[in-house]
Amino acid sequence: MTYQLHYWPTIQGRGEFVRLALEAAGAAYVDVAREPPGKGGGEAALARRLSDPDNPRAAFAPPFLVDGDIVVGQTAAILLYLGPRLGLAGIGAADGLWTHQLQLTIADMVAEVHDTHHPISAGRYYEDQREAALERAKCFREERIPKFLGWFERVLERNPAGDLHLVGDTLTYADLSLFQLVAGLRYAFSKATARVLAETPAVAKLHANVGRRQRVHDYLQSPRRIAFNEDGIFRRYPELDG
């Protein structure tokens with residue numbers, strides 16, 4: 001069955017973590033809002049499904065995944081659902097739980113990335129909170145990027161199966177999500193991230209290795225991969241990179 005991914009059609013955002021898992025697994029899926037309205041797509045289709053009165057378990061916001069009668073919202077929950085079905089959750093319950101924990105930690109950092117450019121209110125423009133953003137971004141660059149990526153470095157170093165993957169010796173959605181996190185950080189905070197990656201070589205190696213995987217590489221070179229832009233979570237404001 002073809003999965004239906006519902007997310008905004010012009011940004012990577014949180015939906016990109018799900019797209020990467022689907023693409024890496026070669027899964028059949030439709031990115032609904034990016035389809036033409038004549039084929040049942042577009043943002044109107046996303047909005048209709050999000051507000052469907054017949055769905056008692058509606059998602060709070062995109063992304064959400066539709067798989068037959070099942071509707072799953074929240075990026076980490078979607079990946080928890082997809083992981084075993086796509087072969088991207090390791091082997092056994094312990095691996096699956098660890099993969100989910102890693103994903104939740106990535107979600108924590110993604111939220112902090114967002115708050116560097118919207119530290120006061122998500123409903124106000126960046127320009128209306130720029131001074132607060134400068135202060136928040138300084139802390140993020142100097143304290144939070146090293147702390148998070150340093151932790152992932154230790155996870156890789158302590159993996160009994162080696163430092164090529166976060167979980168065991170096979171690709172998981174946590175690897176793919178860490179790849180996306182690093183890619184976003186390199187876009188938004190290129191100078192700060194380069195400094196931290198020089199101190200976290202296993203994280204840098206994982207990012208490079210994931211990007212070379214054939215399906216991931218093909219996806220990154222395709223029009224399906226939306227470019228980073230200043231409407232998404234990872235935004236390049238040079239003044240925030242110090």
Would you call K138 and E142 a salt bridge, using N to O less than 4.0 angstrom?
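Salt bridge flag = yes for E142 with K138.
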
NZ/NE/NH1/NH2 to OD/OE distance under 4.0 Å, E112 and R136:
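Result for this pair is no, no salt bridge flagged.
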
Could you walk me through whether F152 and L178 pass the side chain to side chain contact (heavy atoms under 4.5 Å, CB included) test, one step at a time?
CA-CA 9 Å; F152 283 111; L178 184 56; 4.0 Å; yes

Is there side-chain contact between [X] and [Y], with at least one heavy-atom pair below 4.5 Å?
X: P9; Y: E43; answer: yes
X: P63; Y: T75; answer: yes
X: L104; Y: Q101; answer: no
X: L65; Y: Q4; answer: no
X: V210; Y: L176; answer: yes
X: M109; Y: I145; answer: yes
X: V113; Y: F234; answer: yes
X: V72; Y: R57; answer: no

Looking only at non-hydrogen atoms, find the nearest pair between [X] and [Y] and report the distance.
X: L166; Y: D175; result: N-OD1, 2.9 Å
X: A24; Y: V216; result: CB-CG2, 4.0 Å
X: L79; Y: F17; result: CD2-O, 3.9 Å
X: V203; Y: L156; result: N-CD1, 3.7 Å
X: L46; Y: P62; result: CD2-CG, 3.6 Å
X: P119; Y: A133; result: CG-N, 3.5 Å

Can you confirm whether more than 12 heavy atoms, excluding those of [X], are under 6.0 Å from its [atom1] atom?
X: E230; atom1: CD; result: yes
X: R124; atom1: CZ; result: yes
X: Q74; atom1: CD; result: no
X: E157; atom1: CD; result: yes
X: R144; atom1: CZ; result: yes

Taking atom [atom1] of [X] and atom [atom2] of [Y], what is their separation to the nearest 0.5 Å?
X: I233; Y: T116; atom1: CD1; atom2: OG1; answer: 10.5 Å
X: D115; Y: Q129; atom1: CG; atom2: CD; answer: 9.5 Å
X: F179; Y: N209; atom1: CZ; atom2: CG; answer: 11.0 Å
X: T172; Y: L102; atom1: OG1; atom2: CG; answer: 7.0 Å
X: L181; Y: Q103; atom1: CG; atom2: CD; answer: 9.5 Å
X: S190; Y: L197; atom1: OG; atom2: CG; answer: 11.0 Å

Testing E16, H207, Q12 one by one against Q180 for a side chain to side chain donor-acceptor pair (under 3.5 Å), which residue passes?
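Running side chain to side chain donor-acceptor pair (under 3.5 Å) over E16, H207, Q12 with Q180 returns exactly one hit, Q12.
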
Are [X] and [Y] grouped together when hydrophobic residues (ILVMFWY) are joined by side-chain heavy atoms under 4.5 angstrom apart?
X: Y125; Y: I120; answer: no
X: L22; Y: V32; answer: no
X: W8; Y: Y187; answer: no
X: Y173; Y: Y7; answer: no
X: L5; Y: Y219; answer: yes

How would you list all residue pairs meeting side-chain hydrogen bond (donor to acceptor under 3.5 Å, both in side chains) that involve residues 21-34, not counting sequence neighbours?
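Every side-chain hydrogen bond (donor to acceptor under 3.5 Å, both in side chains) pair that includes a residue of residues 21-34, provided the two are not neighbours, is R19-D31, E23-Y29, E23-R224.
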
Angle class for the [X]/[Y] ring planes (parallel below 30°, perpendicular above 60°, tilted otherwise)?
X: F64; Y: H6; result: parallel
X: F189; Y: F140; result: tilted
X: H114; Y: H118; result: parallel

Test L134 against R130 for side chain to side chain contact (heavy atoms under 4.5 Å, CB included), laying out the working first.
CA-CA 6 Å; L134 289 168; R130 186 174 178 274; 3.9 Å; yes

Between the side chain of [X] and the main-chain N/O of [Y], is any donor-acceptor distance below 3.5 Å?
X: D241; Y: A137; answer: no
X: R141; Y: L240; answer: yes
X: N159; Y: H165; answer: yes

Is the Y126 to H117 ring centre distance short of 6.0 Å?
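No, ring centres 6.0 Å or more apart.
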
